[in-house]
There are 2 protein chains.
Amino acid sequence: MAADPVDAPHYWYGADDRMPSAAVLESLRAYRAAETAMRRRTRESMHMGESDLLALRYLLRAEREHRAVTPKDLADYLAISTASTSVLLNRLEKSGHIRRAPHPTDRRALVVTSTGASDDEVRATLGRMHARMLEVAAQLSVDEAAVVIRFLDGMREAVDAIDVPDGAASESARPADSEA
Amino acid sequence: MAADPVDAPHYWYGADDRMPSAAVLESLRAYRAAETAMRRRTRESMHMGESDLLALRYLLRAEREHRAVTPKDLADYLAISTASTSVLLNRLEKSGHIRRAPHPTDRRALVVTSTGASDDEVRATLGRMHARMLEVAAQLSVDEAAVVIRFLDGMREAVDAIDVPDGAASESARPADSEA
DNA sequence: GGCGATCGCTAGACGCTCTAGCGTTCCGAC
DNA sequence: GTCGGAACGCTAGAGCGTCTAGCGATCGCC
């Protein structure tokens, strides 16, 4: 494994049912690495940190679904403090990606909205990628899709099952991760 | 192009009223989120940064394959500067996870070795998880494994294909990613 | 033997996160 | 009606990890 993730000669084990499982995991690893790399490229091209981009994507998705987003929502989603969220919003506001507006009913809170610029910028990259991913997924038959889903769910359960001993992490929702 | 599958008048897909492609991507997303969360839990339980843990995993894997690792190797793999790598090694050395030893042939360089403690610590969590993942993968038939691999490779190509306009990110190889 | 390239290191700066604590606003109890 | 705790978003100051710049030591090729 190590070295090159790209040219792993999977696809074909012929009658040799040697270890397709290892090849599957290698493919998963390669995908994961590619995604991480893509994420970094995007981050760098937009001159942003990971959280900034994640916040922007979350915001754009929320707007598509007509959900209002408050700084608190972002803090929970990103699993960072509200203090960090304030600074994050300052950055995104100064760079012209978002705007702050008063919350319609709660005068303590505010709602975050995206500007057209940020929408275009993100859509230009992530949108295209998502379309390609959807294309690939659409090429699966119903049965094949079921296989893939079963596999991915199993993998998810495997990593979810890992509980760390030290136990430093436990509070409420750590789901915040990424994406969505 | 035509990315949006919305217009395709598909049949009905069982209990899940979404199209299988969307469901597949959702599973992929869920896995990704779970893995990110696991990574954070592990990081926190070991009181380490992301790079530290990645470096340690890289080192342990290299040792299993009897490959010597120099600070330069780590810098390239982690895509950080050699300066940052020096500091990283200082951290890991002080915490007792690694040791620095002179390089057998190049007196400018040195080789990084892991201590037994770090091996145990990592194996206690990641090893168990990897075993579970292997289990799940092993439940696939050869044909099913091929389907999953084809899917994952397609996904990898999709994210690899994304090229950012600004072009800030381009240096040498984009390999450095993560994982492995 | 000399000289550019490579290796790993320190110094100083920057960016992003954190905890602590602030004022404002909300909401249920009195 | 008002009073007090809770929730929201903010600023201040510190910590951590990364970066660039530049150092001495060593290598390898001429």
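Worth saying up front: this structure is predicted, and the values here are computed from it rather than measured. Order of the sequence lines fixes the chain letters, A, B, ..., with proteins taken first and strands second; residue numbering starts at 1 for each chain.
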Measure from NE2 on A:H103 to P on D:dA7 and round the result to the nearest Å.
16 Å
Separation of atom CG in A:L110 from atom P in C:dT25, rounded to whole Å:
13 Å
Reading nucleotides 21-30 of chain D from the 5' end, what letters show protein touch, with B for base, S for backbone sugar-phosphate only, - for no heavy atom under 4.0 Å?
B---BBS---
More than 12 non-hydrogen atoms from neighbouring residues, nucleotides or ligands closer than 6.0 Å to CZ on B:R123, yes or no?
no
Closest heavy-atom pair and its distance - B:A68, B:D73:
O-OD2, 3.7 Å
Residue B:K72, side-chain heavy atoms: nucleotide from C:dC7, D:dC10, D:dT18 that is nearest
C:dC7
From B:E144 atom CD to A:E144 atom CD, the distance as rounded to the nearest 0.5 Å:
10.0 Å
Quick one: is C:dC16 close enough that its OP1 or OP2 comes under 4.0 Å of any side-chain N or O from A:S84?
no
CD of B:E50 versus P of C:dT17: gap in Å, rounded?
14 Å
How many whole angstroms separate atom CZ of A:R43 from atom P of C:dC16?
10 Å
Under the salt bridge (charged side-chain N to carboxylate O under 4.0 Å, His left out) test against B:E50, which residue among B:R57, B:R39, B:R40 passes?
B:R39
Name the residue from B:L56, B:V69, B:I98 that meets the side-chain contact (heavy atoms from CB on, under 4.5 Å) definition with B:L74.
B:V69
Are any of A:R100's side-chain N or O atoms less than 4.0 Å away from OP1 or OP2 of D:dC10?
yes
Side-chain donor-acceptor contact under 3.5 Å, B:T82 with B:T85
no
Reported CG-to-OG1 distance for the pair A:D106 and A:T70, which is rounded to 0.5 angstrom:
9.0 Å
C:dT19 phosphate, OP1 or OP2, under 4.0 Å from A:S81 side-chain N/O:
no
Separation of A:L54 atom CG from C:dT17 atom P, in whole Å?
11 Å
Specify the residues of residues 85-98 of chain A, ordered by number, for which at least one heavy atom lies under 4.0 angstrom from an atom of DNA chain D.
A:S86, A:N90
Salt bridge present between A:R41 and A:E44 (N-O < 4.0 angstrom)
no
B:R32 with A:E35: basic N within carboxylate O range, under 4.0 Å:
yes
